[in-house]
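The next block holds one structure in the form of structure tokens; read it before the comments.
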There are 2 protein chains.
Amino acid sequence: MSDGKRFLKQATQTDVAQAAGVSTATVSRVLNGSLLVRDEVRARVEAAISALGYIPHESARSLATRRSRALGAVIPTLNNAIFASGVNALEQAARERGYSLVISISNYDLDLEAVLVRQMIERGVDGLMLVGNDHTAAARALLATTRLRHICAWAWAEDAASPNIGFDNAAAMAEVVDHLVADGYRRIAMLAGPTAGNDRARDRVQGAVKRLAGHGLSLVNLIETPYSIREARAAAIPLLAARPDAVICGNDVIAFGVHFAAREAGLAIPDDIAITGFDDLTLTAELSPAITTVTVPAAEMGRLCAQHLIDAIETDTDPVSLRLDTRLVIRQTTRAASGAIGLP
Amino acid sequence: MSDGKRFLKQATQTDVAQAAGVSTATVSRVLNGSLLVRDEVRARVEAAISALGYIPHESARSLATRRSRALGAVIPTLNNAIFASGVNALEQAARERGYSLVISISNYDLDLEAVLVRQMIERGVDGLMLVGNDHTAAARALLATTRLRHICAWAWAEDAASPNIGFDNAAAMAEVVDHLVADGYRRIAMLAGPTAGNDRARDRVQGAVKRLAGHGLSLVNLIETPYSIREARAAAIPLLAARPDAVICGNDVIAFGVHFAAREAGLAIPDDIAITGFDDLTLTAELSPAITTVTVPAAEMGRLCAQHLIDAIETDTDPVSLRLDTRLVIRQTTRAASGAIGLP
DNA sequence: GTGAAAGCGCTAACAG
DNA sequence: CTGTTAGCGCTTTCAC
């Protein structure tokens, strides 16, 4: 008995067909909700299915239909709430449409990303979500020759090589700069994320630098740090040596680090030092002082990627780009726009 | 030309075989690293593969081998860093062994979980990670009849129906209680997570209640709240009405809420009120006062699940249970163990 | 070592 | 409406 179980074979469509006294084609029709099956026959087939505990074999189905009903996502990490939330939404939206999600993590390594893209293609995903617009030539070539439908999220560029569903990182940072300058801050420093192979981080720096230049200013200090509270906190020390009156952070995780470093250094926020983040993680609003940051539509990006990818797949079209909005949320780590330029 | 591309067909093993002047069997052997292929032939095949840009078709492979080289994970949410981190580690470890990861989110809904388990089976994953020991009869039946290898993580029970790789939630909470009592706290309340369909949350409550009873005490108040800072913060108000001198929180997210609520109420932590969390999220150490909490081996669980699942798959054995340790991390939201029992 | 042939479980024309 | 017949692309005996 336990031995019998060991070699137990899953019921197959053929078994169901025999049990119901029909052809496998009919079973397939019932499974796929085809309307051209008599109710009586349909009932018989459904009875056989549940009697046998039959479970369809998706690989076989994929092989026959050349469709996997699966989406893929290659992301830098799940250890940042902003990506976790995006993937969460992507999965929910995909599932609502009957698609599965296979994910892999690149750890911000573009060469690894290319390998992962290839594996996604092998797995036969029908659509793929990537993050950002920085990708290796190898990855691009793979995507191009296989014509795999894909969307690059978390970024938006006029001239992007692939469809983008995201936002303009540079523009968002420009808004931050305007706010800071309007508040009277002049000695502005930036603690950025690693810009190598990361167009989002790079755009944020460039966005800040260019807009500052427009105000006739430049960064009094610019340092890059990994996305970790601890490392950002450590990097804040040398950064603060330039005696900035405001620090623009590459994202909220970095802002947390600077926040704690400033507190430790006995600096008053926002009077001695202003701090801005990016992402609007839940906790930015709860810390005191609450962090001024930029709201990023992470869940919406995930949801939209799923929907647009699936629409494109099912209508046999190409996904299109979508530019989403960010919003500056002014809280307590920057002064309210009172100390405007030119006040006595 | 653009029209030609539209109907472009992926190179198949047959194409490679023809190009290399060998049989598909030989191509297959090369692909799978079989040793019984002459070097000269192998080279010819490899040349053809890269010349044609051939990419193997995993569905076809899975159909033929009855193996998918994919793992599945069904988790409650990705919007909690502790699960995100576990999945992140699971993916990394799986990938190292050549396995893909397909994930789905149950939103703490056990009926949905059962549906997702079924989809995982359809997809043909070779192994599955679930969270906790609470599952519907339907899910259990599916797992049992298909004999799908699986591990239930985040929990550990002597009599678990499935292999567990996790920790004893009740024991961890008992340790929290001991610490609190040794510190002199007596009016202890608990803000728990939703216990319905969640054995981890239930075990944490039971672990606290039983250990308190051992000390001749009982909770002065017990309320459940969703795992959200905002809702926990709101729930803390009625909870504090019982005038507890310590609040045990179901996890760190809830602890954040209580932390902010206490601060808002003007209570001094830990003198007016002690707070304990669970999970040891990064920020618990950085807030001030830093939160006393329980370290949970999330990444390790993910990694071990992948390894043990894959070992079991490849050696054709069943995965076994592993009990991991948690550790109480005493920080600043509880008094140091000075006010021990019986002091004047 | 290598090729031929038979499927893996399912869907998709095509008849009837 | 339903059955028959071919495959989808790959692996796997079994001969040679």
Side-chain angles (χ1 to χ4, degrees), chain A residues 7-46 48-49 52-70 98 119 121-126 146, chain B residues 7-46 48-49 52-70 98 119 121-126 146:
Chain A
F7 297 106
L8 168 151
K9 197 175 143 292
Q10 286 300 309
T12 169
Q13 217 179 68
T14 310
D15 301 332
V16 174
Q18 282 178 348
V22 297
S23 69
T24 63
T26 299
V27 177
S28 176
R29 289 187 186 105
V30 171
L31 251 33
N32 295 299
S34 163
L35 301 180
L36 0 83
V37 179
R38 251 185 311 147
D39 283 353
E40 185 259 320
V41 174
R42 177 185 307 279
R44 208 151 22 104
V45 170
E46 280 167 350
I49 286 176
L52 297 180
Y54 165 71
I55 295 184
H57 193 300
E58 182 65 35
S59 290
R61 196 189 150 89
S62 296
L63 182 56
T65 58
R66 296 132 156 298
R67 281 276 168 87
S68 65
R69 295 197 281 189
Q119 289 180 356
I121 294 169
E122 294 190 4
R123 284 245 106 82
V125 297
D126 294 333
T146 60
Chain B
F7 297 106
L8 168 150
K9 198 174 143 294
Q10 285 301 307
T12 170
Q13 217 178 67
T14 308
D15 301 332
V16 174
Q18 283 178 346
V22 297
S23 69
T24 63
T26 298
V27 177
S28 176
R29 290 189 184 103
V30 170
L31 250 33
N32 295 297
S34 164
L35 301 179
L36 359 82
V37 179
R38 253 184 311 147
D39 283 353
E40 185 259 319
V41 175
R42 177 185 307 282
R44 208 151 21 102
V45 171
E46 280 166 350
I49 286 176
L52 297 179
Y54 165 71
I55 295 184
H57 193 300
E58 183 64 36
S59 291
R61 197 189 148 89
S62 296
L63 181 58
T65 59
R66 295 131 158 298
R67 281 275 170 86
S68 64
R69 296 198 280 190
Q119 290 180 356
I121 294 169
E122 295 190 3
R123 285 245 102 87
V125 297
D126 295 333
T146 59

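Chain letters run A, B, ... following the sequence lines, proteins first and then strands; every chain starts at 1. These numbers were taken from a predicted model, which means no experiment stands behind them. For the numbers below, each heavy atom of this structure counts, side chains included, while hydrogens, waters and symmetry mates do not.
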Checklist entry - Does B/Ser34 reach the main-chain N or O of B/Val30 with its side chain, forming a donor-acceptor pair under 3.5 Å? => result no
Listing, residues 18-27 of chain A side-chain donor-acceptor contacts under 3.5 Å, not counting sequence neighbours, or none:
residue : atom : partner : partner atom : Å
A/Ser23 : OG   : A/Ala25 : N            : 3.4
A/Ser23 : OG   : A/Thr26 : N            : 3.3
A/Ser23 : OG   : A/Thr26 : OG1          : 3.2

Checklist entry - In Å, rounded to the nearest 0.5 Å, how long is the span from CD of A/Glu46 to CG of A/Leu31? => result 9.0 Å
Checklist entry - Distance-only, no hydrogens or angles: does the B/Asp126 side chain make a donor-acceptor pair with backbone N or O of B/Arg69 under 3.5 Å? => result yes
Checklist outcome for this item: Here the distance between atom C1' of D/dC14 and atom CZ of B/Arg29, to the nearest Å, is 11 Å
Checklist entry - How far does the helix from C/dG1-D/dC16 to C/dG16-D/dC1 bend, going by the axes of its first and last five pairs, to the nearest 10°? => result 30°
Next on the checklist: Does anything in residues 12-28 of chain B come within less than 4.0 Å of DNA chain D? Heavy atoms only, and list the residues if so.
Outcome noted: B/Thr12, B/Gln13, B/Thr24, B/Ala25, B/Ser28
Checklist entry - When rounded to the nearest 0.5 angstrom, what distance separates CD1 in A/Ile55 from CD1 in B/Ile121? => result 4.5 Å
Next on the checklist: So, using salt bridge (charged side-chain N to carboxylate O under 4.0 Å, His left out) as the criterion, who are the partners of A/Arg38 when residues are at least two apart?
Outcome noted: A/Glu40
Checklist entry - side chain to side chain donor-acceptor pair (under 3.5 Å) with B/Glu122: which residues, sequence neighbours excluded? => result B/Arg118
Next on the checklist: Let's see if you get this right: which residues in residues 58-67 of chain B place a heavy atom under 4.0 Å from DNA chain C?
Outcome noted: B/Leu63, B/Ala64, B/Arg66
Checklist entry - Considering residues at least two apart in sequence or located in another chain, which fulfil the side chain to side chain donor-acceptor pair (under 3.5 Å) criterion with B/Ser59? => result none
Checklist entry - If you measure from CD on A/Gln13 to CD1 on A/Ile49, what distance do you get to the nearest 0.5 Å? => result 8.0 Å
Item to check | Set of side chain to side chain donor-acceptor pair (under 3.5 Å) partners for A/Arg29, sequence neighbours left out | outcome: none
Item to check | Set of residues satisfying salt bridge (charged side-chain N to carboxylate O under 4.0 Å, His left out) with respect to B/Arg42, sequence neighbours excluded | outcome: none
Checklist entry - Between A/Arg38 and D/dT2, does any side-chain N or O lie under 4.0 Å from OP1 or OP2? => result yes
Checklist entry - Taking atom P of D/dC16 as reference, at what distance in whole Å does atom CG of B/Leu36 sit? => result 19 Å
Checklist entry - How close or far is atom P of D/dC1 from atom CZ of A/Arg44, stated in whole angstroms? => result 15 Å
Checklist entry - Taking only residues two or more places apart in sequence or in another chain, which ones pass side chain to side chain donor-acceptor pair (under 3.5 Å) with A/Asp15? => result none
Checklist entry - Out of curiosity, B/Ser68 OG to A/Arg123 CZ, how far, rounded to the nearest 0.5 Å? => result 6.0 Å
Next on the checklist: What is the first contacted nucleotide of DNA chain C and what is the last, in 5' to 3' order, if contact means an atom lying under 4.0 angstrom from a heavy atom of chain A?
Outcome noted: C/dG9 to C/dA13
Checklist outcome for this item: Atom NE2 of B/His57 and atom P of D/dC8 are separated, to the nearest Å, by 11 Å
